[in-house]
Number of protein chains: 2
Amino acid sequence: MEEIDRRIVTLLARDGRMSFTDLARETGLSVSAVHQRVRRLEKRGVVRGYAAIIDHDAVGLPLTAFVSIKPIDPAAPDDAPERLAHLSAIEACHSVAGDESYILKVRVASPVALEDLLQQIRASANVSTRTTVVLSTPYEHRAPELAPSEEAGEPETRQDGIA
Amino acid sequence: MEEIDRRIVTLLARDGRMSFTDLARETGLSVSAVHQRVRRLEKRGVVRGYAAIIDHDAVGLPLTAFVSIKPIDPAAPDDAPERLAHLSAIEACHSVAGDESYILKVRVASPVALEDLLQQIRASANVSTRTTVVLSTPYEHRAPELAPSEEAGEPETRQDGIA
DNA sequence: CGTGAAACCGGTTCAAA
DNA sequence: TTTGAACCGGTTTCACG
């Protein structure tokens with residue numbers, strides 16, 4: 001991926017609703033050229049979607065926490081992510097290296113709601129939990145700076161699955 | 001905040017580019033009514049912005065990690081977030097309860113880049129670091145389910161009778 | 001892969017209730 | 001606060017370089 005695409009991705013990461021007209025001006029391309037590039041980036045999966053960034057305090061979910069989980073039975077098949085997917089309070093699930101197997105990011109309404117969620121997590125995935133409560137968030141959702149690195153990451157992203 | 005606004009926020013959280021026409025159909029309101037509500041939500045800060053969700057692998061930043069930091073001198077003023085803000089590899093910074101003071105979420109191109117970043121973090125904020133590498137991410141950026149809970153911001157009657 | 005122009009559709013404003 | 005209508009601008013497609 002080269003310069004202009006990186007530029008477009010960066011701009012959209014910072015403002016997911018930027019118009020093609022503005023993107024065109026910022027990149028020096030015509031509107032239809034940018035349009036074509038954005039569609040291609042979406043199709044390739046470089047741009048996976050768009051989301052509104054919401055204020056969780058304003059929306060009744062002021063408590064954020066990181067929940068690290070560890071299987072109670074290390075021999076059992078590890079399907080924790082699927083088992084936990086139904087819990088909508090879980091915003092993200094990362095498999096990690098280290099003592100624990102996953103780190104979950106959760107958003108709840110209150111300490112009691114967190115307590116309840118932890119029980120559900122333990123029951124649903126047969127895991128033990130270790131919770132780190134977030135006190136405040138100086139910043140979040142910052143867009144990365146896409147350096148002019150060479151051939152970015154992946155060899156090819158195919159939608160058709162043909163090797 | 002009531003029903004329809006919650007609905008709008010949820011929809012926009014899932015698709016930040018959903019058109020007002022579609023939002024109108026989903027909510028049963030007219031286009032201009034939804035338009036007005038969205039603008040109001042933006043102005044109130046409930047909707048803080050919009051962002052494209054990008055595939056970090058495809059963009060040359062395949063390595064994600066959580067970096068917990070702890071001040072070397074616990075007596076020194078804690079201005080780590082500001083001191084680290086210039087490092088664009090840091091996507092988020094959360095102040096947390098527990099043994100460490102902040103959890104950083106970082107995205108880098110390689111293990112070497114991570115090593116370099118950790119040095120910059122330690123040097124910039126005078127902290128020690130503990131890093132947890134992300135191996136894979138089953139899911140991320142999931143939109144919360146906004147329950148008909150009470151209001152967030154203005155007073156509201158409580159069921160438990162606590163004033 | 002780029003372009004400009006045309007057609008289309010969504011975004012935006014407005015007066016009215 | 002909601003609504004429909006009118007207006008304007010962005011989106012999308014197209015034929016072509």
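Each chain gets a letter, A, B and so on, in the order the sequences are listed, and its residues count up from 1.
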| What integer distance in Å separates B:R40:CZ from D:dT1:C1'? | 9 Å

| Separation of A:D15 atom CG from D:dG10 atom C1', in whole Å? | 14 Å

| request: Stems involving DNA chain D: give each as a range paired with a range, ordered by first number, where a stem means at least three consecutive Watson-Crick or G-U wobble pairs under 3.5 Å. | output: C:1-10 with D:8-17, C:12-17 with D:1-6

| note | Under a 4.0 Å heavy-atom criterion, the protein footprint on nucleotides 10-17 of chain C, written with B, S and -, is SSBB----

| request: Could you state the atom-to-atom distance from CD of B:E3 to P of D:dT2 in whole Å? | output: 13 Å

| said: Out of the candidates A:I8, A:L12, A:V9, A:D5, only one should pair with A:V46 under the side-chain contact (heavy atoms from CB on, under 4.5 Å) rule; please name it. | reply: A:V9

| query | More than 12 foreign heavy atoms under 6.0 Å from CD of A:E82: is that the case here? | reply | yes

| query | A:R37 has a side chain; which of C:dG4, D:dT2, C:dC1 sits nearest to it? | reply | C:dC1

| query | Roughly how many Å is it from CG in A:L29 to C1' in D:dG17, rounded to a whole number? | reply | 16 Å

| note | Separation of D:dT1 atom P from B:Q36 atom CD, nearest Å, is 7 Å

| Looking just at side-chain N and O atoms, do B:T64 and B:R107 make a donor-acceptor pair shorter than 3.5 Å? | yes

| Within a strict 4.5 Å, meaning less than it, do heavy atoms of the A:V133 and B:V96 side chains meet? | no

| task | Could you tell me whether the side chain of A:Y102 reaches within less than 4.5 Å of the side chain of A:P81, counting heavy atoms only? | result | yes

| Are B:Y50 and A:M18 side-chain neighbours, meaning at least one heavy-atom pair lies under 4.5 Å? | no

| field | Flag side-chain contact, heavy atom, 4.5 Å: B:V47 against B:V38 | value | no

| request: May I ask you to decide whether A:R37 forms a salt bridge with A:E2, counting only side-chain N to carboxylate O separations under 4.0 Å? | output: yes

